[in-house]
Amino acid sequence: MEIVLSLAIGVLAGSGVWLILRPRTFQVIVGLCLLSYAVNLFIFAMGRLTLGAPPIMPRGGFINPAAYADPLPQALVLTAIVISFATTALFLVVLIVSRGLTGTDHVDGQEREP
Amino acid sequence: MNLGPEHLIIAPILIPFFAGALMLIYDERQRRAKMTISLVAVIASLLAAIELLVRSKGSALTGGNDIGFYLLGDWAMPYGIVLVIDRLSAMMLVLTGLLALPVLIYAAAAWHRQGQHFHSMFQFLLMGLNGAFLTGDLFNLFVFFELLLAASYGLLLHGGGQLRVRAGLHYIAINLTGSLLFLIGVSLIYGATGTLNMAHLSNLVPFLPDDRRMLFHAGAGIMGLAFLIKAGIWPLSFWLPTAYMAGAAPVAAMFAIMTKVGIYVILRLSFLLFGADAGGSAGFGAPVLIAGGMATVIFGLLGVLASQGLGRMAAHLVLVSSGTVLAAAGFVLAGASSSVLAAALFYLLSSTLATSALFLLIEPMSREEGGIAALLALTADAYGLDEREEDRQPEVGLAIPGTLTVLGLSFGACMIALAGLPPLSGFVGKLGLLQGMLGQSAMTPALSWAFVTLVILSGFATLLGLVRVGIQTFWATDGEPPDVLALEIAPVVTLIGMVIFLTFKAEVTLDYMQDTAEAVLQPRIYTVGVLGAPRAADQEEDDEVTE
């Protein structure tokens, strides 16, 4: 499982970085999305990988913490997803406005001189 | 539950939040009501910040540094989220309030009519700033950063127009990438240490095993990049001049403190996590701060010399100011004395106020050249505003007499403060920096001298650049002087008044900064204060027992 997850994070992050460096605004926003998926998975992985372990402990009594998943990264991922969703939506609006005002989808608002 | 004075700590976050939310209900046409709410909120948070500052001076027992804390949801430390106030954060809160008030009044003259929801976004920006200064938890810091960034995206685009949208696109893309770096860093730190509470982290760092320390350093480095992007360190600063130049005047003036948030976090975290007691991590990042800070100063001063317009010049002055403070912080982290840090904090205060005033001056000064008229016409086009709408009425208000004199005097005061010439406060700050750098022996003399030279050179470059613009604007003009409203010049004069006040009160302020710097250099004060924070529930139980 570790190798699958790390490969997934690596491929997502790599494609994200490549796309962010491209000159079209649409490529940049897709790149940012992919990169944020990679980051979310990475946060998740930082809470250590467990299979079939619940994140919430029952009340009272002695419990073995090792039998439970770390709930904190899961909470962090939720927050990160919400925030990146909102900011990506905002970026999308700016992207469309820029397309409308400049008539091109180049990130600099003008095509490069041929 | 009582609403006692301990709840005051959360006031600088809640007041702008409620004010901003309330103003969303109002229609865009009810500007007077919005303006009133905004003003009341800004004044209330400023008063709360001043009270917190007075309180955090505290008793002499803890080195004159009283840590205030506020447990959100009353969870025990270190599991819950905590707000912390000490001298450093109280100072930044007051600085934010002092900037916000004149900027808001300036915006009332014309700018808040040029788009939607200016006042709400302004309040949310203040909320994010205050939250970032107050929080004692890394993830909460991320949330407040996102909050202030989201508001700043809106504010940067305020007024519309092709230039702003283009600059805004870059600004948003860069900051989104920065936020992702922040998250990677935070999660690496969590993976290596198992906590995100700053005070708890500070206690854990000296005892980290070596394999984890590597991971921790990687995390801190990646997270530091996110803050350095905000602080505008070279080579992560190419977005900054264009973005600051494109923003509307009050927005750019408020952005002058946005780079300082990055600097504040760097100061706070570096000395908490990598201070002298941090074992194998002591001094981590100091070389980067020194080299990067000095490179930023060089980049900034070359930019000042090369700039043709005042806007670009002012943006490069922001870079010079943040580079100087970052390099000084690096020197202190590497072992320079606390007086360098104190002088750097004083310099930060004075240069932020002066750059802000300069950003507000740009627009009235260039008005006669038709810059603003063309810009406003463009804005109206972009918004499809009708000529008959009330916005298109000629500016109503008291136009001041002797415009050029007032503008010229204000500009001169900004110039003197920024270049660090006597008698204004910039000189005091720079003198303190030079004295501190030359007076201590911990550093290699070559490096100290290089920094000293850069500080002096940047002063020269500032003077040269601004004098050039000043001559063009005030002496080599022909034709009518521009119409400037009293509402627009009053905030500038207020900001300059603060700089002059700072000069007169330099001794008191420097004493405060000295104590702040010493407290910052002793993370023990902070960690003991925060981790010992008693829960309200426990206190009530104690009270019952004693009864």
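Chain identifiers are assigned alphabetically (A, B, ...) following the order of the sequence lines, protein sequences preceding nucleic acid strands; residue numbering begins at 1 within each chain. These numbers come from the heavy atoms of this one structure, side chains and all, not from hydrogens, waters or symmetry mates.
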| Set of residues satisfying salt bridge (charged side-chain N to carboxylate O under 4.0 Å, His left out) with respect to A/Asp105, sequence neighbours excluded | A/Arg24
| said: Quick check on B/Leu196 against chain A: is it the side chain, the backbone, both or neither that has a heavy atom closer than 4.5 Å? | reply: side chain
| Heavy atoms under 4.5 Å from chain A: which residues of residues 211-225 of chain B carry them? | B/Arg212
Top contributor to chain B contacts, counting heavy-atom pairs under 4.5 Å, from [options]:
options: A/Val97, A/Ile29, A/Thr88, A/Asp70; answer: A/Asp70
options: A/Val17, A/Thr79, A/Val28; answer: A/Thr79
options: A/Ile20, A/Leu32, A/Leu76; answer: A/Leu76

| Value rounded to 0.5 Å, distance of CG in A/Asn40 from CG in B/Leu183 | 7.0 Å
Does atom [atom1] ([X]) have a neighbourhood of more than 12 heavy atoms from anything else shown, all under 6.0 Å?
X: A/Phe85; atom1: CZ; answer: no
X: B/Phe139; atom1: CZ; answer: yes
X: A/Tyr37; atom1: OH; answer: no

| field | Heavy-atom pair with the smallest gap, counting every atom of A/Phe91 and B/Leu169 | value | CE1-O, 3.6 Å
| field | Non-hydrogen atoms of A/Val107 and B/His170 that approach each other most closely | value | O-NE2, 2.9 Å
Can you tell which part of [X] gets under 4.5 Å to a heavy atom of chain B, answering side chain, backbone, both or neither?
X: A/Leu35; result: both
X: A/Ser84; result: neither
X: A/Asp108; result: both

| field | Among B/Val186, B/Leu147, B/Leu188, residue most engaged with chain A (heavy-atom pairs, under 4.5 Å) | value | B/Leu188
| message | Which one wins on heavy-atom pair count under 4.5 Å against chain A: B/Leu181, B/Ile172, B/Asn175, B/Thr177? | response | B/Ile172
| query | Do A/Val94 and B/Leu157 come within less than 4.5 Å of each other through their side chains, counting heavy atoms only? | reply | yes
| Backbone N/O of B/Gly191 and side chain of A/Arg48: donor-acceptor pair under 3.5 Å | yes
